[in-house]
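Here the structure is laid out as structure tokens; the discussion comes afterwards.
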Amino acid sequence: MTDAKKSIHGEWSSRSAFILAATGSAVGLGNIWKFPYITGENGGGAFVIVYLLCVALIGIPIMIAETMLGRRGRENPVHTMQVLSKEAEADKRWHYLGWLGMTGGLLILSYYSVIAGWASAYVFKAFFGSFFGADVTAIETLFRDFIGSPMQLIFWHTLFMMATMLIVARGVDNGLEKSVRILMPSLFILLTLLVMYAMTTSGYFQGIHFLFNLDFNKLTGNSLLIAMGQAFFSLGLGMGCVMVYGAYLPKNISIAKASIVIATVDSLVALLAGIIIFPIVFTHELNPSSGPGLIFETLPIAFGSMTGGWLFGVLFFVILVFAALSSAIALIEPTVCWLVESKGVTRERACLQSGLVTWVLGFGTIFSFNLWSDVKFFGLTFFEVLDYLTANIMLPIGGLAIAVFAGWMMKQQHSRQELDMPDPQHYQIWLFLIKYIAPAAVFLVFLHVMGAL
Ligand code: TRP
């Protein structure tokens with residue numbers, strides 16, 4: 001067997017560097033902004049359990065599969081799928097999976113950047129003391145006025161996209177590793193401190209009850225789909241991001257172990273965010289299902305009244321912006337990688353081109369919070385359509401395709417060799433999950449939702 005071609009982008013310097021970068025891709029707005037608000041909208045406890053089950057049974061096996069495909073293919077998702085389908089003697093059209101991923105990644109980034117822009121703006125609001133002593137109504141008004149202003153949102157979205165393009169232009173190993181190395185531990189420390197604060201609030205037990213109480217009556221077919229979509233979103237699966245990161249992975253690293261570590265850290269961060277936010281929601285009698293503004297309407301209340309709130313507030317939003325940045329670079333990387341490898345443009349140019357497309361698309365999301373808030377398609381705003389289409393349709397389809405390819409198309413001798421698990425039984429477990437459980441689960445959830453329509 002010949003050694004796989006070395007990636008032209010350089011490689012991660014060590015196993016921990018890959019874990020850090022992939023964790024950086026996974027941990028982001030999905031955990032801290034999205035998880036709490038969709039949990040709020042979908043009734044709490046039962047939704048959380050379904051989400052965690054999806055992470056364990058579908059997410060982890062697919063993460064292993066996607067990393068494995070990337071490491072074996074060694075290039076951008078389109079090319080990787082071309083190479084691997086040839087090797088597996090499968091249909092050439094598998095490379096459309098790469099296209100799905102690149103398109104999905106940019107669509108997601110277009111709204112991701114807008115929300116990351118909100119977080120950036122909140123760094124300054126925290127810094128200039130806007131939350132100090134503010135009550136629930138003041139914090140709500142602050143948020144409403146902010147998202148009501150297209151110019152402000154455009155400004156912050158532009159800034160965030162520029163930062164993303166700048167970092168990506170410098171390449172994956174320059175800076176990316178270092179920033180995540182500082183970022184992840186700080187995020188954990190800060191979240192732990194905030195959990196301690198949440199424990200002192202009067203709504204703590206109510207919040208915990210909401211988050212962990214298993215009332216399956218609240219679960220609809222659609223919330224099953226949303227929980228599954230969130231598992232894909234939060235782990236960053238199905239769009240070729242994990243695949244390109246896998247392409248930079250040296251040979252001697254256990255993909256399975258790394259995937260389990262990443263998924264565990266990712267779920268922990270989401271749960272911690274929930275444990276912090278829901279007690280604040282109930283203490284101040286807010287509505288858990290208030291939507292995408294949830295963290296921006298709850299956390300500032302805490303920062304405005306707690307000791308050290310100024311410092312915690314600034315730190316929290318700074319870390320959130322960095323966590324969003326390390327996910328944004330993962331979302332754009334497949335396209336940049338493809339432009340460089342297949343179109344022969346320079347890395348700088350590739351960043352500029354894909355960044356510009358994403359930036360323009362972002363205007364749709366910006367306007368759905370103000371100028372176009374009444375423009376609805378099937379009762380949803382532009383942002384909501386984009387979110388539903390990507391998270392709940394494109395990601396599961398991408399994940400399903402990865403599972404089918406890795407489980408059914410790829411030769412077992414190749415996947416076994418690539419995964420190189422010390423215990424043959426572990427390989428069998430993975431194979432079972434990826435061949436039967438993951439595809440069946442995705443399929444059944446889709447079927448259930450179609451039936452419910
Ligand atoms: N996982 C990131 C978050 O939770 C976002 C993200 C990165 C992502 N890469 C992705 C979402 C690929 C979907 C697909 O914030």
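Both counts, for ligands and for their atoms, begin at 1 and track the order of listing.
Residue-level proximity to ligand 1 for Ser25 is carried by backbone and side chain together, each with a heavy atom below 4.0 angstrom. When non-hydrogen atoms are compared, ligand 1 lies under 4.0 Å from the side chain of Leu395 (C-beta onward) but not from its backbone. Contacts between Ile108 and ligand 1 below 4.0 angstrom, taking non-hydrogen atoms only, involve the side chain exclusively.
Of the residues listed (Trp33, Phe303, Phe317), the one engaging Tyr122 in a ring pair (Phe, Tyr, Trp, His ring centres under 6.0 Å) is Phe317, and it is the only one.
A salt bridge does not link Glu66 to Arg71: none of the charged side-chain nitrogens sits closer than 4.0 Å to a carboxylate oxygen. Between Glu87 and Arg72 there is a salt bridge, since at least one side-chain N of the basic residue sits less than 4.0 Å from a carboxylate O of the acidic one. A salt bridge does not link Glu418 with Arg74: every distance from a Lys NZ or Arg NE/NH1/NH2 to an Asp or Glu carboxylate oxygen is 4.0 Å or more.
Using a 3.5 Å distance cut-off with no hydrogens or angles, the side chains of Trp359 and Thr158 do pair a donor with an acceptor. Judged by distance alone, the side chains of Thr365 and Ser368 never bring a donor and an acceptor atom under 3.5 Å apart. Residues Asn222 and Tyr388 bring a donor and an acceptor atom of their side chains to less than 3.5 Å of each other.
No N or O atom of Val27 sits closer than 3.5 Å to an N or O atom of ligand 1. Looking at ligand 1, you won't find any N or O of Leu331 less than 3.5 Å from one of its N or O atoms. Any N or O atom pair closer than 3.5 Å counts here, and Leu235 shares no such pair with ligand 1.
Figure legend: cation-pi geometry between Lys125 and Phe131 absent, as NZ or CZ is not positioned both under 6.0 Å from the six-membered ring centre and within 45° of its axis.
Summarising the local packing, CZ of Phe322 is surrounded by 12 or fewer heavy atoms from other residues, nucleotides or ligands at distances under 6.0 Å.
At the shortest separation from atom 4 (O) of ligand 1 among protein heavy atoms lies Ala26 O, 3.0 Å. Closest protein heavy atom to atom 11 (C) of ligand 1: Phe233 O, 3.3 Å.
Counting the atoms of ligand 1 from 1 in the order shown, those under 4.0 Å from a heavy atom of Ser234 are 1 (N), 4 (O). Counting atoms of ligand 1 from 1 in the listed order, those under 4.0 Å from a heavy atom of Ser327 are 2 (C), 5 (C), 7 (C), 15 (O). Close contacts between ligand 1 and Cys241 involve ligand atoms 9 (N), 10 (C), 12 (C) [criterion: under 4.0 Å to a heavy atom]. Interface atoms of ligand 1 facing Tyr112, defined by a heavy-atom separation under 4.0 Å, are 2 (C), 3 (C), 5 (C), 15 (O).
In this comparison of Gly240, Gly236, Gly24, the heavy atom closest to atom 12 (C) of ligand 1 sits on Gly236.
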